[in-house]
Asks: 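Quick one: the structure is below, questions incoming.
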Amino acid sequence: MISINNGKWIRVRIIRQSVIEIILPYALIACLSMLSYDLANVYYYESHRMTTDYNHIFNQHWTIYQKILQHDYMGHQAVFGLLEGSLVTHFPDQSLDLLDIGCGDAQTLAAFLQTSALQSYTGIDLSKEALELVPKNVGSLNCAMTLMNDDFVAAIEQLTQEQVGQFDVIFSGFALHHVQDETKAKLFANIKQLLKPHGRFYLIDVYQQENETRETYLDRYLAPTLTHWHALDEHETALLNTHVRSSDFPSTRTKLESMAFDVGFANCECLLADPIHSNILLSMGK
Ligand SMILES: C[S@@+](CC[C@H](N)C(=O)[O-])C[C@H]1O[C@@H](n2cnc3c(N)ncnc32)[C@H](O)[C@@H]1O
């Protein structure tokens with residue numbers, strides 16, 4: 001599990017989901033999950049549950065996400081600026097164990113990761129292609145790095161069997177809106193367990209206004225993609241709209257805050273609620 005990256009030793013472990021596992025009986029799956037192979041200095045582990053052809057989705061959508069970032073259509077700069085400020089305030093000079101849920105290619109967190117003292121970085125994402133870009137985007141962090149290619153609900157469940165109280169910071173950026181409130185609430189409960197006593201959970205996501213239905217939210221959220229997101233061509237705009245309409249289940253601010261308190265977070269600070277971009281940044285502590 002050791003590989004060389006830019007001359008520095010780091011530990012890179014990519015745990016990969018496999019279609020075999022939904023075809024073969026459980027006992028055989030367990031055996032196969034122990035197999036590993038070496039590819040380009042990265043050790044891949046066959047492991048885990050279900051698969052969707054998520055990499056196909058990744059290939060279609062990542063170019064669009066890059067354009068969105070480049071033009072700051074979703075307001076990443078403001079919300080990630082606030083996140084980094086809060087992390088520096090809460091964790092000065094600390095060597096952090098950081099878990100990134102739905103990390104993608106970790107591009108949006110790269111600047112923080114590169115300038116922080118990290119003990120370990122763990123990223124979870126369904127897209128293997130995205131995970132393969134993480135070492136390139138973050139450079140040599142000189143810390144243990146574990147990349148889990150899995151559904152984050154399953155992966156978090158697994159981590160709560162193995163790593164209770166292990167993380168200083170758990171972060172999720174624009175990923176949890178892919179699951180519904182009930183699943184989010186279970187995730188919040190598991191996330192709290194995974195944090196060290198002084199640890200914090202930072203959530204950046206899209207959020208729905210209190211008086212909105214999902215339909216009115218989607219119409220409002222997608223309106224500027226049709227009129228103002230000029231960097232996307234017609235095909236990309238259509239793909240984006242289809243993806244958001246089928247996959248986004250944002251919660252309201254009240255719902256997110258009550259989930260935090262219901263699972264026992266002692267405090268839940270709202271660092272940003274931006275109704276224009278529909279972005280929220282919450283910081284939760286035990
Ligand atoms: C919009 S991107 C956000 C990437 C990065 N966190 C950021 O803030 O820019 C959402 C990411 O969540 C991942 N994702 C969505 N649903 C997932 C799930 N159920 N399990 C794991 N990853 C998931 C996608 O593959 C994608 O990389």
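As the structure lists them, so they are numbered: ligands from 1, and atoms in each ligand from 1. Residues: numbered from 1 along the sequence shown. Every heavy atom of this structure was used, including side-chain atoms; hydrogens, water molecules and symmetry mates were not.
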Asks: Looking only at heavy atoms of Ile124, does any of them come nearer than 4.0 Å to an atom of ligand 1?
Replies: no
Asks: Which option out of Gly173, Ser172, Ala155 puts a heavy atom nearest to atom 3 (C) of ligand 1?
Replies: Gly173
Asks: Just heavy atoms, cut-off under 4.0 Å: does Cys103 contact ligand 1 by side chain, backbone, both, or neither?
Replies: backbone
Asks: Does an N or O anywhere in Gly102 fall below 3.5 Å from an N or O of ligand 1?
Replies: yes
Asks: I need the contact type for Thr108 against ligand 1. Using non-hydrogen atoms and a strict under-4.0 Å cut-off, is it side chain, backbone, both or neither?
Replies: side chain
Asks: Rounded at 0.5 Å granularity, tell me how far CZ in Arg245 sits from CG in Leu222.
Replies: 5.0 Å
Asks: Looking only at N/O atoms, are Ile101 and ligand 1 under 3.5 Å apart anywhere?
Replies: no
Asks: Just distances here: any N/O of Ser127 and N/O of ligand 1 closer than 3.5 Å?
Replies: no
Asks: For ligand 1, which is the ligand I care about here, please tell me if Trp62 has any N or O atom under 3.5 Å from one of the ligand's N or O atoms.
Replies: no
Asks: Considering His243, His61, His178, which one's heavy-atom position lies nearest to atom 15 (C) of ligand 1?
Replies: His178
Asks: Taking distance alone, with N or O pairs closer than 3.5 Å, would you say Ala130 contacts ligand 1?
Replies: no
Asks: Around atom CD of Glu234, are there more than 12 heavy atoms of other residues, nucleotides or ligands at under 6.0 Å?
Replies: no
Asks: Between Glu132 and Asn149, is there a side-chain heavy-atom distance shorter than 4.5 Å?
Replies: no
Asks: Give me each pair satisfying side chain to side chain donor-acceptor pair (under 3.5 Å) with a member in residues 69-82, each pair once, sequence neighbours excluded.
Replies: Tyr65-His76
Asks: Under 6.0 Å between ring centres, would you say that holds for Phe112 and Phe80?
Replies: no
Asks: Atom CG in Asp168, atom OG in Ser95: separation rounded to 0.5 Å?
Replies: 8.0 Å
Asks: Please list, in number order, the atoms of ligand 1 under 4.0 Å from a heavy atom of Phe174.
Replies: 1 (C), 2 (S), 3 (C), 10 (C)
Asks: Under the salt bridge (Lys or Arg N to Asp or Glu O under 4.0 Å) rule, what pairs show up with a residue in residues 247-260, not counting sequence neighbours?
Replies: Arg253-Glu257
Asks: What are the atoms of ligand 1, with element, lying closer than 4.0 Å to any heavy atom of Ala175?
Replies: 12 (O)
Asks: Taking 4.0 Å as the limit for heavy-atom contacts, which would you say applies to Asp150 with ligand 1: side chain only, backbone only, both, or neither?
Replies: backbone
Asks: Would you check if there is a donor-acceptor pair between the side chains of Ser278 and Arg220 at a distance under 3.5 Å?
Replies: yes
Asks: Taking 4.0 Å as the limit for heavy-atom contacts, which would you say applies to Phe171 with ligand 1: side chain only, backbone only, both, or neither?
Replies: neither
Asks: Any chance you could lay out the side-chain hydrogen bond (donor to acceptor under 3.5 Å, both in side chains) test for Thr63 and Glu236, step after step, and finish with the verdict?
Replies: CA-CA 9 Å; Thr63 321; Glu236 290 168 334; 5.7 Å; no
Asks: Heavy-atom count check: over 12 atoms from other residues, nucleotides or ligands less than 6.0 Å from Glu182 CD?
Replies: no
Asks: Return yes or no for this condition: an N or O of Phe80 is under 3.5 Å from an N or O of ligand 1.
Replies: no
Asks: Output yes when the distance from some N or O of ligand 1 to some N or O of His76 is under 3.5 Å, and no in every other case.
Replies: no
